[in-house]
There are 2 protein chains.
Amino acid sequence: MKLSTRGRYGLMAMFQLALEYGNGPIPLNSIAEEQGLSESYLEQLFSTLRRDGLINSVRGPQGGYLLAYDPGEITVGQILRSLEGDLAPAQCVGDDGSLDCDKEFGCATKLVLQRIKESIDSVIDSITLQDMIDEVEKIHLVK
Amino acid sequence: MKLSTRGRYGLMAMFQLALEYGNGPIPLNSIAEEQGLSESYLEQLFSTLRRDGLINSVRGPQGGYLLAYDPGEITVGQILRSLEGDLAPAQCVGDDGSLDCDKEFGCATKLVLQRIKESIDSVIDSITLQDMIDEVEKIHLVK
DNA sequence: TTAAAACCTACTAACTTACTAGGGTTTTCC
DNA sequence: GGAAAACCCTAGTAAGTTAGTAGGTTTTAA
């Protein structure tokens with residue numbers, strides 16, 4: 001039940017973009033360095049995020065990446081689903097509705113898995129990048 | 001973020017044991033057949049569950065496995081943690097307190113991962129095998 | 001025209017998963 | 001006391017996934 005590095009790194013990088021929202025395009029190498037990640041690996045993640053419309057890119061010198069929307073309008077759920085696919089704990093409760101077991105109706109285990117999925121979804125869909133910024137700032141104020 | 005077959009199969013098998021709770025030891029092959037699972041693979045899962053004290057075993061003919069406690073006292077969380085280990089979405093929010101990233105304090109991503117973990121934990125720790133039985137029965141009554 | 005940057009594709013080593021195989025060992029029935 | 005039923009244990013392994021690396025092409029500001 002671990003998140004892969006795709007989701008984790010992607011979330012870290014998107015948070016970085018959110019922090020610098022409004023400053024124009026941010027080059028990959030600065031994000032990679034800031035977060036301690038491999039640049040060419042991050043590139044692949046950004047390619048996915050771009051295809052899914054969460055970020056925009058600007059080519060050429062002084063180019064880079066920037067959020068496609070306001071940090072308050074991008075949720076953790078959108079980011080994780082883009083990079084990891086559906087966050088269901090098993091295929092039989094996945095969004096695509098494909099079931100790989102026959103006794104789909106009244107399967108006790110499926111009911112449990114569904115509850116797990118719903119609770120994950122409700123968390124990740126309720127947190128925006130802006131929320132992440134606010135929360136970290138709150139902690140540093142208290143400190 | 002998928003559960004492995006260990007957790008899924010184990011949960012299915014434990015549910016079966018719960019259904020037959022009170023009928024004495026249930027042989028492995030009958031559980032394997034009932035749920036459509038490989039017997040020798042299930043054996044390994046049961047060995048883990050036994051070491052963790054969730055089931056008891058009886059050797060010899062007429063032997064088999066049985067729940068160590070009442071179905072109402074065994075939670076999905078106990079079963080999944082026994083078979084899958086900690087259900088944290090990343091090491092840095094795992095129960096063992098081991099952190100693999102340096103900026104543990106005030107890391108925005110970590111705060112999100114922690115929320116995910118808490119929500120998973122709260123679901124799996126609140127559902128017992130008895131709850132699973134009750135829920136399935138309710139569905140079949142309505143039907 | 002040079003350099004900085006995004007963009008794209010292919011490859012690969014290491015790891016994990018989901019088993020299978022094949023022996024024990026213990027218990028009970030006859 | 002023999003045989004069978006069942007648990008018990010270890011090792012191996014094919015397939016798939018992950019987490020990258022490598023190396024090139026295209027775009028564009030200066």
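All chains are named by letter (A, B, ...) in the order of the sequence lines, taking the proteins before the strands, and each is independently numbered beginning at 1.
Partners of N29(B) by side chain to side chain donor-acceptor pair (under 3.5 Å), not counting sequence neighbours: none found. For E33(B), the side chain to side chain contact (heavy atoms under 4.5 Å, CB included) criterion is met by no residue, not counting sequence neighbours. Under the salt bridge (charged side-chain N to carboxylate O under 4.0 Å, His left out) criterion, D125(A) pairs with R81(A), sequence neighbours left out.
Between the P atom of dA3(C) and the CG atom of N29(A) lies a distance of 17 Å, rounded to the nearest Å.
Using a 4.0 Å cut-off, some side-chain N or O of S57(A) falls inside it from OP1 or OP2 of dC7(C).
Other members of a hydrophobic cluster containing L141(A) are absent, since no ILVMFWY side chain comes under 4.5 Å of it, directly or through relayed contacts.
Think of the region where chain A sits on DNA chain D: with heavy atoms and a 4.0 Å cut, that region ends 5' and 3' at dA19(D) to dA29(D).
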For residues 44-54 of chain B, please give each side-chain donor-acceptor pair under 3.5 Å, one per line with the distance, not counting sequence neighbours.
from   : atom 1 : to     : atom 2 : distance (Å)
S47(B) : OG     : R51(B) : NH1    : 3.3
S47(B) : OG     : R51(B) : NH2    : 3.3
T48(B) : OG1    : R6(B)  : NH2    : 3.3
T48(B) : OG1    : Q44(B) : O      : 3.3
D52(B) : OD2    : S82(B) : OG     : 2.7

Only distances under 3.5 Å count here; give the side-chain donor-acceptor pairs of residues 9-21 of chain A to other protein atoms, sequence neighbours excluded, each with its distance to 0.1 Å.
from   : atom 1 : to     : atom 2 : distance (Å)
Q16(A) : OE1    : Q35(A) : NE2    : 2.7
Q16(A) : NE2    : E20(A) : OE2    : 3.2

Contacts table for residues 111-118 of chain A: side-chain donor-acceptor under 3.5 angstrom, sequence neighbours left out:
from    : atom 1 : to      : atom 2 : distance (Å)
K117(A) : NZ     : D86(A)  : OD1    : 3.2
K117(A) : NZ     : D95(A)  : OD1    : 3.2
K117(A) : NZ     : D121(A) : OD2    : 3.0

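Heavy-atom distances to DNA chain C give each of S47(A) and G60(B) a nearest nucleotide, and the one nearer the 5′ end belongs to S47(A).
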Find every protein N or O atom lying less than 3.5 Å from an N or O atom of nucleotides 18-24 of chain C, and list the pairs.
from    : atom 1 : to     : atom 2 : distance (Å)
dA18(C) : OP2    : T5(B)  : N      : 3.0
dA18(C) : OP2    : T5(B)  : OG1    : 3.0
dA18(C) : O5'    : T5(B)  : OG1    : 3.2
dC19(C) : OP2    : Y9(B)  : OH     : 3.0
dT20(C) : OP2    : S38(B) : OG     : 2.9
dT20(C) : O4     : Q44(B) : NE2    : 2.5

